[in-house]
Amino acid sequence: MRKQYPFDIIEPKRQRIWDETAAFKAWNPGETIPKNHPFAERHGLAGEVAASQLPPKYYILDMFPYPSGSGLHVGHPEGYTATDILARYKRSRGFNVLHPMGWDAFGLPAEQYAIKTGQHPRVTTEANISNFKRQIKSLGFSYDWSREVDTTDSDYFCWTQWIFLKLYHSWFNQETNKAESIETLTIPSGLETEEARTSYKDERRLAFVAEAPVNWCPELGTVLANEEVVDGKSEVGGFPVVRKPMRQWMLRITAFAGKLLDGLDEIEWSDSLKEMQRNWIGKSEGAEVHFQVADAQEVITVFTTRPDTLFGATYMVLAPEHALVDQLVTEEQKDAVEEYRTFSSRKSDLERTELAKEKTGIFIGAYAINPVNKERIPIWIADYVLSTYGTGAIMAVPAHDSRDLEFAEKFNLPVLKVVKAPEGQDSIGFVGEGVSVNSDFLNDLPTCEAKPKMIDWLSEKKAGSRRTNFKLRDWLFSRQRFWGEPFPILWKDGQHRAVGAHELPVTPPDLKDFKPTSDGEPPLARAAEWANLKDGSIRETNTMPQWAGSCWYYLRYLDASNKGMFCGKEAEAYWMGSADETANPGVDLYVGGTEHAVLHLLYARFWHKVLYDLELVSTTEPFFKLVNQGIILGEDGQKMSKSRGNVVNPDEIVSAYGADAFRLYEMFMGPLEMSKPWNTKGVEGVYRFLGRVWRMIVNEESEVAFDQALAVDAQKDEANLSKLTLNSTIKFDIEPTPDQLKSLHACIKKVTEDLDGMRFNTAISAMMVFVNEAVNWKVRPAECMRTFLTLLQPFAPHLAEELHGMLQEENAGVIAYQPWPVFDPALLIEESVEMPVQVNGKLRDRLKVSRDADRQSIEKLVLASEKIKANIEGKSIKKLIVVPGKLVNIVVK
RNA sequence: GCCGGUGUGGCGAAAUUGGCAGACGCACAAGACUUAAAAUCUUGCGAGGGUUAAACCUCAUGUCGGUUCGAGUCCGACCACCGGUACCA
């Protein structure tokens with residue numbers, strides 16, 4: 001395929017100029033702007049600027065990538081292109097745009113590569129970052145590279161550790177509903193010993209140590225958070241995960257469950273994403289009910305969302321791991337119960353989910369008393385009751401819960417109907433809302449009234465209370481890995497204490513062997529000198545999970561080189577919008593894939609809310625608006641993967657068609673949020689379009705001279721571009737015709753509206769429509785061409801800027817800072833409009849009608865039409881509908 | 001099962017408040033230019049019928065039904081696919 005235009009010369013040239021002039025640097029309050037910077041020229045600012053002088057902020061953020069060894073695939077730049085187009089658009093509209101990029105570079109692949117080859121993860125990571133950066137830069141994104149962050153850089157993770165210490169030194173005060181310094185925690189006077197007081201404190205910190213059943217992945221040699229386990233396998237690598245009790249660092253995210261849920265109402269995220277977070281947090285409202293154990297002191301507390309069905313509770317079930325089982329089991333059932341517990345504990349999570357859900361369980365010999373009717377009901381254990389949810393015990397109401405019913409049928413337990421289903425439905429097995437029956441004081445009440453009445457009754461009798469439960473678990477925060485942030489924690493005599501903030505960062509030791517030790521200690525334990533301090537303290541040898549660095553990187557961008565703080569207060573207030581009432585609170589737009597819907601996005605919101613409570617940030621939510629890009633499938637419509645051999649490498653596309661064509665195609669494929677298949681033929685289509693734009697402005701004969709000059713120049717010097725001259729149709733000092741203005745302004749209108757609505761594909765088609773018309777113009781006013789290039793600039797910045805330079809008759813300037821064109825509605829008004837005419841809703845004719853024709857004259861015109869006459873002949877007109885400017889419909893019979 | 005999303009030509013898609021279904025692009029076909037090819041330009045292109053050619057007619061937005069002068073768009077039921085989630089009491 002013949003080259004449409006010399007993108008291979010233009011693109012490196014424009015990128016070089018952007019780099020040299022720091023064209024896309026975003027300015028913080030208090031910074032000194034050189035007066036020749038295009039931002040200074042556009043806004044008439046120079047020198048040191050105060051926040052009040054700066055234009056409104058627009059913070060547009062990409063999810064920063066993990067720099068993998070395989071480099072960028074075409075899915076990454078989809079989101080990056082969308083944000084870059086908007087960043088350029090907003091700059092043109094006069095905003096101070098913050099558009100940064102960085103690297104989420106701690107992670108498993110570099111460490112596993114290190115274990116295999118002995119190459120230090122630092123080396124691997126640096127090589128991968130430089131490859132990613134080269135690829136991203138080749139696409140001409142307008143990032144402010146002076147703010148680049150790397151989570152593995154000690155200047156960065158120093159502050160990750162610092163924030164961890166903030167969590168460590170805080171507790172959640174239920175009364176103020178806020179995270180507060182641990183110093184505000186009142187220690188009960190009853191605690192006599194120093195140990196007791198310390199552990200009282202330690203148990204309440206937001207970062208705490210807990211002995212808990214964790215997800216252990218033997219293959220990876222580490223524990224995983226619940227969020228990282230998918231179908232009983234590790235999210236990374238798909239290795240089996242088993243449950244195992246271990247002592248680990250946890251973060252008290254559950255304290256923020258309510259805030260994390262309520263905060264979703266303040267932000268503009270898609271419904272599906274909010275739903276995913278809501279489901280993960282899993283709020284359910286109901287009651288706690290206390291059951292006295294028959295002939296014993298113990299009380300079993302259950303959680304239920306249906307207290308109204310308490311009269312129908314015919315047995316109880318405890319999780320096999322429930323703490324009371326040992327005390328309650330009767331002598332004759334002991335062996336059988338023990339056998340069942342072994343049986344269920346041996347089941348891995350994988351087996352539990354894979355096995356057909358045949359209910360199993362065993363009676364433990366004891367009975368409980370149903371508080372409402374004093375009935376003795378048997379107590380069973382079964383693994384369909386989870387120790388990790390609610391109280392680990394349930395009251396079983398088989399008539400109105402499908403799992404309880406299945407269990408009751410298998411083990412012949414009584415089933416008692418207490419809710420009457422609506423007409424036509426079977427009450428047994430009915431789980432919806434109905435009317436209470438067989439329930440004494442609840443009889444005849446609808447479910448919605450029976451619930452609160454039962455809760456009142458229980459509270460009065462001290463047999464229960466209202467209760468809200470969350471599915472969300474505390475965040476398991478430690479990993480047995482090398483390539484992560486070390487914890488700023490020291491241990492001595494079984495007690496932990498924080499490293500002082502002034503001693504940060506705690507950098508990892510130098511290792512040659514990155515495997516865990518033979519006795520199962522994390523790899524950091526291999527560095528005896530590093531781990532054992534002179535005073536006898538031992539460093540924590542766990543590291544933080546990969547999510548730690550991504551929990552706050554969007555804040556570091558605001559003030560990336562600040563040595564004294566994680567982020568300066570003034571910068572934070574300006575960019576996060578709290579300094580300006582009209583600004584969006586938080587990141588204005590955050591774009592990334594759905595794979596982070598619960599993990600990263602929940603964790604980052606949690607950290608942000610802690611920082612907010614501690615008055616370190618000024619907004620309650622980090623990301624105001626969030627959009628998920630859809631995935632790009634291979635040409636075969638399948639997910640791209642190496643094994644299918646359908647992966648498209650952006651490098652190949654860029655070298656064949658150029659970055660501008662690549663960007664344009666990524667956006668032209670379809671709506672950003674949809675998943676859609678790649679088609680390289682489609683790249684050729686937009687590439688041809690860019691070629692038409694080029695030829696619309698450049699003299700084709702001068703291209704021959706240019707090509708010849710280039711052919712003999714081994715350096716392929718960009719200076720050869722000076723051989724190019726303007727197309728002879730380009731005229732300066734000429735008024736555009738009304739038709740030309742109409743085409744141009746229709747294009748301005750459509751592109752502007754589509755950019756505001758993030759409809760990039762239709763914006764591009766509007767520009768194609770304009771160019772298809774403009775290539776037929778005999779005379780092309782330079783002014784029209786310049787305006788069009790301003791519209792094209794966000795999408796195809798290299799080409800637009802180069803051509804714009806030619807039209808300026810000087811090769812200077814960054815059109816990214818040109819004011820965005822304003823469309824004039826007056827130019828779009830048509831003298832006459834073509835109105836479709838329908839008979840009984842079927843199109844029969846089109847008539848030219850003057851713009852301001854009234855109803856009567858339109859009717860007259862319509863009835864005079866031969867085609868219409870033929871269609872209504874012999875029928876009577878029932879109705880004649882005229883929608884001015886739209887259409888006419890005649891109803892006949 | 002539950003939650004969310006999506007179904008429109010051969011393909012990617014468009015139709016922003018209910019108002020001309022298929023813009024724009026790909027693929028394909030024919031023609032022009034060329035010794036030839038590539039590139040470029042022009043024309044055609046939902047299906048079926050009809051005509052020398054047109055005109056014109058019928059059908060068509062996953063399926064079935066409804067509301068309306070008028071439905072891709074609104075309502076009801078269903079089907080398929082994609083994503084999330086799952087013994088959550």
Side-chain angles (χ1 to χ4, degrees), chain A residues 1-4 230-231 270-276 278-280 282-284 286 302-306 309 317 352-353 357-359 382-386 388-397 401-404 406-407 431 469-472 594-595 597-598 628 630-631 633 635 637 639 664-665 668-671 673-686 688-689 691-692 695 700 750 753-754 756-757 759 761-769 772 775 834-846 867 870 878-881 883 885-892:
Chain A
M1 196 177 186
R2 188 187 176 275
K3 197 169 280 176
Q4 293 274 352
V230 179
D231 293 337
S270 70
D271 288 341
S272 66
L273 198 63
K274 286 186 181 183
E275 249 343 90
M276 276 191 231
R278 286 195 188 104
N279 290 340
W280 194 266
K283 181 178 181 170
S284 55
V302 302
F303 172 71
T304 176
T305 55
R306 292 297 298 270
T309 62
V317 187
R352 278 208 197 187
T353 45
K357 282 168 191 155
E358 174 84 4
K359 295 281 180 292
D383 64 5
Y384 82 92
V385 174
L386 309 174
T388 51
Y389 184 75
T391 61
I394 62 157
M395 64 179 211
V397 184
D401 181 287
S402 46
R403 296 149 303 173
D404 295 347
E406 201 190 314
F407 191 81
V431 298
N469 231 329
F470 293 95
K471 232 158 72 175
L472 186 69
T594 351
E595 67 272 23
V598 281
N628 285 127
I631 48 171
L633 307 168
E635 296 215 43
K639 219 174 189 151
L664 215 55
Y665 176 65
F668 189 59
M669 289 170 83
E673 293 174 81
M674 297 289 154
S675 70
K676 50 223 167 242
W678 179 269
N679 177 9
T680 300
K681 284 282 181 200
V683 187
E684 289 176 22
V686 294
R688 274 198 277 269
F689 160 70
R692 278 200 298 281
R695 291 189 296 275
E700 285 193 65
K750 181 77 177 144
E753 287 172 356
D754 283 351
D756 287 331
R759 292 178 296 267
N761 52 334
T762 50
I764 294 167
S765 76
M767 290 189 286
M768 288 173 167
V769 169
N772 289 345
V775 289
E834 199 183 64
M835 279 177 82
V837 183
Q838 299 177 336
V839 176
N840 285 348
K842 289 212 163 75
L843 180 72
R844 296 302 178 189
D845 199 6
R846 295 161 216 258
K867 286 183 190 167
K878 290 277 166 216
K879 217 170 178 181
L880 211 164
I881 296 149
V883 187
K886 284 271 164 91
L887 59 44
V888 179
N889 191 13
I890 307 168
V891 187
V892 296

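The figures here come from the full heavy-atom set of this structure, side chains too, leaving out hydrogens, waters and symmetry mates.
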Completion exercise
5'-most contact on RNA chain B (nearest-nucleotide basis), A/F303 vs A/S675, goes to A/S675
Problem - A/T762 side chain, from C-beta outward: closest of B/rC20, B/rC59, B/rA15 - result: B/rA15
Exercise for the section: Using the P atom on both, measure B/rA23 against B/rC45 and round to a whole Å. Expected result: 10 Å
Practice task
Please evaluate the base of B/rC69 for a donor-acceptor partner in the side chain of A/K878 within a cut-off of under 3.5 Å?
Solution key: no
Handout entry: Touch class at under 4.0 angstrom, heavy-atom based, for A/N772 against every strand present
Key = sugar-phosphate
Handout entry: Value in whole Å for how far the C1' atom of B/rG12 lies from CE of A/M669
Key = 8 Å
Problem - Cation-pi geometry met for A/K283 and A/F470 (6.0 Å, 45°) - result: no
Practice task
Looking at every strand, decide which applies to A/S402 at a 4.0 Å heavy-atom threshold: base, sugar-phosphate, or nothing.
Solution key: nothing
Practice task
Could you work out which one of B/rC69, B/rU40, B/rG12 sits closest to the side chain of A/V891?
Solution key: B/rC69
Practice task
State the CG-OG1 distance between A/D401 and A/T304, to the nearest 0.5 angstrom.
Solution key: 8.5 Å
Practice task
Would you classify A/D271 as touching base, sugar-phosphate or nothing, given that sugar-phosphate means primed atoms plus P, OP1 and OP2, and contacts are heavy atoms under 4.0 Å?
Solution key: nothing
Exercise for the section: Give one of base, sugar-phosphate or nothing for A/K471, where a contact means two heavy atoms less than 4.0 Å apart. Expected result: base
Exercise for the section: Ignoring the backbone of A/P671, work out which of B/rA13, B/rC69, B/rA89 is nearest its side chain. Expected result: B/rA13
Handout entry: Minimum-distance nucleotide to A/D754 side chain [options: B/rG84, B/rU16, B/rG19]
Key = B/rU16
Exercise for the section: Give one of base, sugar-phosphate or nothing for A/Q838, where a contact means two heavy atoms less than 4.0 Å apart. Expected result: base
Problem - Distance, nearest 0.5 Å, that separates CE of A/M669 from OG of A/S675 - result: 9.5 Å
Practice task
Assign A/M395 to base, sugar-phosphate, or nothing according to its heavy-atom contacts below 4.0 angstrom with the strands shown.
Solution key: nothing
Practice task
Output yes when a side-chain donor or acceptor of A/Y665 lies under 3.5 Å from a complementary backbone atom of A/G685, and no otherwise.
Solution key: no
Practice task
Please state the C1' separation for the pair B/rC74 and B/rU17 - nearest whole angstrom.
Solution key: 12 Å
Handout entry: Phosphate OP1/OP2 of B/rU85 contacted by A/R278 side-chain N/O (<4.0 Å)
Key = no
Practice task
Write down the distance separating the C1' atoms in B/rC24 and B/rA14, rounded off to the nearest Å.
Solution key: 8 Å
Practice task
Could you please name the partner base of B/rC74, counting Watson-Crick and G-U wobble pairs only when both distances are under 3.5 Å?
Solution key: B/rG66
Handout entry: Out of B/rG19, B/rU16, B/rU6, whichever nucleotide has its closest atom nearest the side chain of A/I881
Key = B/rG19
Exercise for the section: To the nearest 0.5 Å, tell me how far A/T762 OG1 sits from A/K750 NZ. Expected result: 4.0 Å
Completion exercise
Side-chain atoms of A/L843 come closest, of B/rG12, B/rC20, B/rU16, to B/rC20
Handout entry: Nearest-Å distance for atom pair NZ/C1', residues A/K842 and B/rA60
Key = 12 Å
Exercise for the section: Under a 3.5 Å limit for both distances, which nucleotide forms a Watson-Crick or G-U wobble pair with B/rG44, could you say? Expected result: B/rC28
Handout entry: Closest listed nucleotide, where the reference is the side chain of A/S765 and the choices are B/rC24, B/rC3, B/rA27
Key = B/rC24
Handout entry: A/S270 side chain to A/L273 backbone, donor-acceptor under 3.5 Å
Key = yes
Fill in the blank from the handout: The nucleotide from B/rG19, B/rC57, B/rC87 with an atom nearest the side chain of A/R844 is B/rC57
Problem - Residue-phosphate contact under 4.0 Å: A/R688 side-chain N/O, B/rC26 OP1/OP2 - result: yes
Practice task
Using both distances under 3.5 Å as the test, list the Watson-Crick or G-U wobble partner of B/rG1, or none.
Solution key: B/rU85
Problem - Base of B/rU16 paired with side chain of A/K750 (donor-acceptor, under 3.5 Å) - result: yes
Exercise for the section: For B/rA30 versus B/rG49, give the span between their C1' atoms, rounded off to a whole number of Å. Expected result: 24 Å
Handout entry: Donor-acceptor under 3.5 Å (A/R306 side chain, A/G286 main chain)
Key = no
Exercise for the section: Take A/E275 and A/K681, find for each the nucleotide of RNA chain B with the closest heavy atom, and name the residue whose nucleotide sits nearer the 5' end. Expected result: A/E275
Practice task
Provide the Watson-Crick or G-U wobble partner of B/rA36, both distances under 3.5 Å; none if there is no partner.
Solution key: none
Exercise for the section: Name the closest nucleotide to the A/R692 side chain, picking from B/rG25, B/rC3, B/rC87. Expected result: B/rG25
Practice task
Would you mind telling me which of B/rC24, B/rA89, B/rC87 lies closest to the side-chain atoms of A/Y389?
Solution key: B/rA89
Practice task
In whole angstrom, give me the gap between the P atoms of B/rA13 and B/rG62.
Solution key: 14 Å
Exercise for the section: Decide, for B/rG62, between syn and anti: a glycosidic angle within 90° of 0 counts as syn, anything else as anti. Expected result: anti
